[in-house]
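Just below is one structure, and these are the notes that go with it.
One-based numbering, in listed order, for ligands and for the atoms of each.
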Amino acid sequence: MALLIQNGHIVTATDSYVADILCEEGKIAAIGRGLKAPAGDEVVDATGHYVFPGFIDPHVHIYLPFMGTFAKDDYSSASRAALAGGTTTLIEMCCPSREEDPLEGFELWLSKAEGISACDYTFHMAVSKFDDTTEEKLRKIVDRGIASFKVFLAYKNFFGVTDSELYKTLALAKELGVIVTAHCENETLVAELQQRLLAEGKTGPEWHEPSRPVQVEAEGVHHLMAFAEATGAHVYVVHTSCEPAVRAAEEARLRGVNVWIETVIPYLTLDSTYAEQPDFEGAKFVMSPPIRAKEHQEFLWNALRSRAISTVATDHAPFDCKGQKEMGRGDFTKIPNGLPSVEDRVNLLYTYGVKRGKIDLHTFVDAASTQAAKLFGLFPRKGTIALGSDADLVVHDPMYRGTISAAKHHMATDYNPYEGWPIEGRASLVTVRGEIQVRDGQFVGKDGIGQFLKRECTH
Ligand code: URP
Ligand code: ZN
Ligand code: ZN
């Protein structure tokens with residue numbers, strides 16, 4: 001069945017105009033004024049609404065064995081949550097540990113999504129070890145349609161790579177045209193600072209940030225930049241939380257390193273005082289790199305507005321308070337790191353970015369959709385509204401007013417870090433390849449229609 005969306009205010013990263021959009025066989029078949037739908041097809045009146053390209057979250061964790069537990073969502077809950085918030089494509093970190101075989105890991109992660117996800121998906125392939133067998137396996141994974149790797153310069157002995165492994169990964173990526181996404185923190189400094197704080201009896205969640213101060217992150221970025229410069233590989237710094245880390249990447253960019261910067265919605269909206277709340281409430285806000293002092297927020301918004309920061313992701317890594325975050329009572333180093341936010345990213349970015357005058361609508365679409373599509377080999381199939389693109393569309397009601405609450409969210413966690421936060425505007429209709437999956441913030445569609453997106457290496 002075709003779908004006609006009439007009279008919407010279409011906004012892409014570059015354009016803004018009023019028109020109708022006809023979706024046929026999963027694609028955008030026509031854009032214009034006064035389009036007619038074949039009889040019997042669904043017509044949606046989008047007068048007074050924006051129509052955005054489906055949003056892309058380029059950094060999520062869904063299946064994640066981590067810190068002695070497993071992230072709480074599966075593809076059913078995570079993709080429904082993503083869609084309810086207007087995100088139609090997920091790029092998950094496929095994260096086998098150093099002990100696991102990468103090919104088996106890839107198959108395992110794929111099996112968690114296939115036939116279950118309600119939105120489209122692909123993976124960044126983590127390289128947690130690089131031995132004599134790794135190169136051949138990574139080449140096979142790239143042949144399967146993976147165009148980006150992931151390295152961790154943190155989490156020693158679990159996901160973290162040695163410098164020699166980092167070099168080999170970047171050298172192979174350069175040869176293949178693969179972009180390498182990287183978690184940048186100096187893991188030795190983290191381990192030393194954690195031990196010092198614990199020895200001083202500083203065990204609560206408020207000590208997580210001091211155990212990974214901004215210098216730890218900036219050193220990680222600087223380290224990656226040296227390796228990217230030496231190998232010529234294209235790199236993408238994930239979840240950048242603070243001014244010194246952005247500056248380390250910017251400085252490298254100015255001397256010719258091909259680097260792009262991601263921040264995530266918690267760093268734009270929350271600050272370090274949240275992890276300082278009493279009675280272990282702060283554990284809800286423990287993630288790495290940590291949520292920083294308030295002054296970094298303004299810097300990140302400015303870096304986003306000036307496009308020094310390319311993308312706003314979530315780093316969705318959902319853990320319950322009960323039974324999971326609680327594992328770190330009495331020892332903050334054992335609190336599972338991560339926040340759930342895949343459902344709320346777009347609404348928060350719109351409310352606290354666009355509506356507060358920090359970014360314009362084009363930057364909003366660019367950072368939450370288009371740039372991820374371009375960087376990760378999905379453009380123009382995803383990330384824009386154009387003839388022949390996938391009909392992933394968000395009809396957005398700017399007049400909606402509501403609040404975020406765990407009582408009504410689609411994510412599987414028992415809390416929402418944004419509990420009670422007001423939201424201005426939300427998706428009133430979300431389509432995946434022309435199929436209506438969400439109406440008025442509620443998932444009304446079909447599980448399992450999500451497709452694995454095969455990508456070409458473009459770097
Ligand atoms: O705290 C975080 N960020 N948890 C998820 C794993 C990662 O480092 O991205
Ligand atoms: Zn990370
Ligand atoms: Zn992550």
Side-chain angles (χ1 to χ4, degrees), residues 57-73 78 82 90-98 109 121-128 148-161 166 180-187 190-191 194 205 208-209 211-212 216-217 219-221 223-224 235-242 245 249 261-268 270 272 274-275 282-292 311-321 324-325 327-328 332-342 345 372 376 411 413 417:
D57 192 336
H59 182 169
V60 299
H61 302 270
I62 297 168
Y63 175 64
L64 179 66
F66 186 51
M67 297 185 74
T69 186
F70 289 83
K72 192 68 196 306
D73 276 311
L90 294 173
I91 311 185
E92 190 191 2
M93 299 293 172
C94 171
C95 289
S97 73
R98 283 178 77 81
W109 259 259
Y121 55 91
T122 177
F123 303 94
H124 302 299
M125 184 67 213
V127 182
S128 338
S148 45
F149 295 157
K150 169 75 184 282
V151 288
F152 289 92
L153 309 190
Y155 308 129
K156 219 180 183 77
N157 303 325
F158 191 62
F159 295 138
V161 284
L166 175 62
V180 180
T181 71
H183 174 136
C184 296
E185 287 182 299
N186 182 302
E187 58 184 9
V190 171
Q194 284 180 334
H208 176 70
E209 200 281 337
S211 77
R212 312 171 94 102
V216 163
E217 188 181 343
E219 200 289 325
V221 176
H223 200 81
L224 179 76
V235 293
Y236 172 95
V237 182
V238 301
H239 52 36
T240 312
S241 73
C242 60
I261 305 172
E262 170 195 276
T263 192
V264 297
I265 199 69
Y267 301 143
L268 289 168
L270 303 167
S272 51
Y274 284 82
K284 291 176 177 172
F285 302 92
V286 166
M287 65 180 290
S288 295
I291 297 168
R292 303 298 185 186
T311 56
V312 178
T314 54
D315 192 15
H316 177 74
F319 298 98
D320 272 347
C321 290
Q324 294 195 299
K325 291 282 184 184
M327 291 160 62
F332 69 86
T333 68
K334 297 194 166 57
I335 300 170
N337 286 195
L339 264 65
S341 58
V342 75
R345 173 186 66 129
F376 299 120
M411 300 180 290
T413 47

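Coordination check, His61 versus the Zn ion (ligand 3): passed, since an N/O/S atom of the residue sits under 2.8 Å. At a threshold of 2.8 Å, the Zn ion (ligand 3) has no backbone or side-chain N, O or S atom of His239 nearer than that distance.
Protein heavy atom nearest atom 4 (N) of ligand 1, with residue, atom name and distance: Asn337 O, 3.0 Å. For atom 1 (O) of ligand 1, the nearest non-hydrogen atom of the protein is Ser288 N, 2.8 Å.
Using modelled atom types, no side-chain atom of Asn157 and backbone atom of Tyr155 make a donor-acceptor pair closer than 3.5 Å. In this structure, Arg98 contributes its side chain and Gly160 its backbone to a donor-acceptor pair below 3.5 Å. When atom types are taken as modelled, the side chain of Glu92 and the backbone of Ile62 share a donor-acceptor pair closer than 3.5 angstrom. Side chain of Glu187 to backbone of Lys156: a donor-acceptor contact under 3.5 angstrom is found. For the pair Thr263 (side chain) and Val312 (backbone), a donor-acceptor distance under 3.5 Å is absent. Formation of a donor-acceptor pair under 3.5 Å by the Lys325 side chain with backbone atoms of Pro336 is found in this model.
Counting heavy atoms under 4.0 Å from ligand 1, residue His239 touches it through the side chain alone. Of the heavy atoms in Met287, both backbone and side-chain atoms come closer than 4.0 Å to ligand 1.
Every atom of ligand 1 with a heavy atom of Ala317 under 4.0 Å away is listed here by number and element: 4 (N), 5 (C). Counting the atoms of ligand 1 from 1 in the order shown, those under 4.0 Å from a heavy atom of His61 are 5 (C), 6 (C), 7 (C), 9 (O). Close contacts of ligand 1 with Tyr155, meaning ligand atoms under 4.0 Å from a residue heavy atom, involve 2 (C), 6 (C), 7 (C), 8 (O). When each atom of ligand 1 is checked for a heavy atom of His59 under 4.0 Å away, the hits are 9 (O).
Screening Trp109, Phe376, Phe152 for a ring-ring contact (aromatic ring centres under 6.0 Å, His included) involving His124 leaves a single residue, Phe376.
The N/O atoms of Asp315, backbone and side chain alike, include one that comes under 3.5 Å of an N/O atom in ligand 1.
The atom of His183 nearest to the Zn ion (ligand 2) is ND1, with the search restricted to N, O or S atoms.
In this pair, Phe158 and Phe66 present their aromatic rings tilted. The plane angle is within the 30 to 60° band.
To the nearest 10 degrees, the Zn ion (ligand 3) sees NE2 of His59 and OD1 of Asp315 at an angle of 90°.
Between His183 and Phe159, the distance from one ring center to the other does not fall under 6.0 angstrom.
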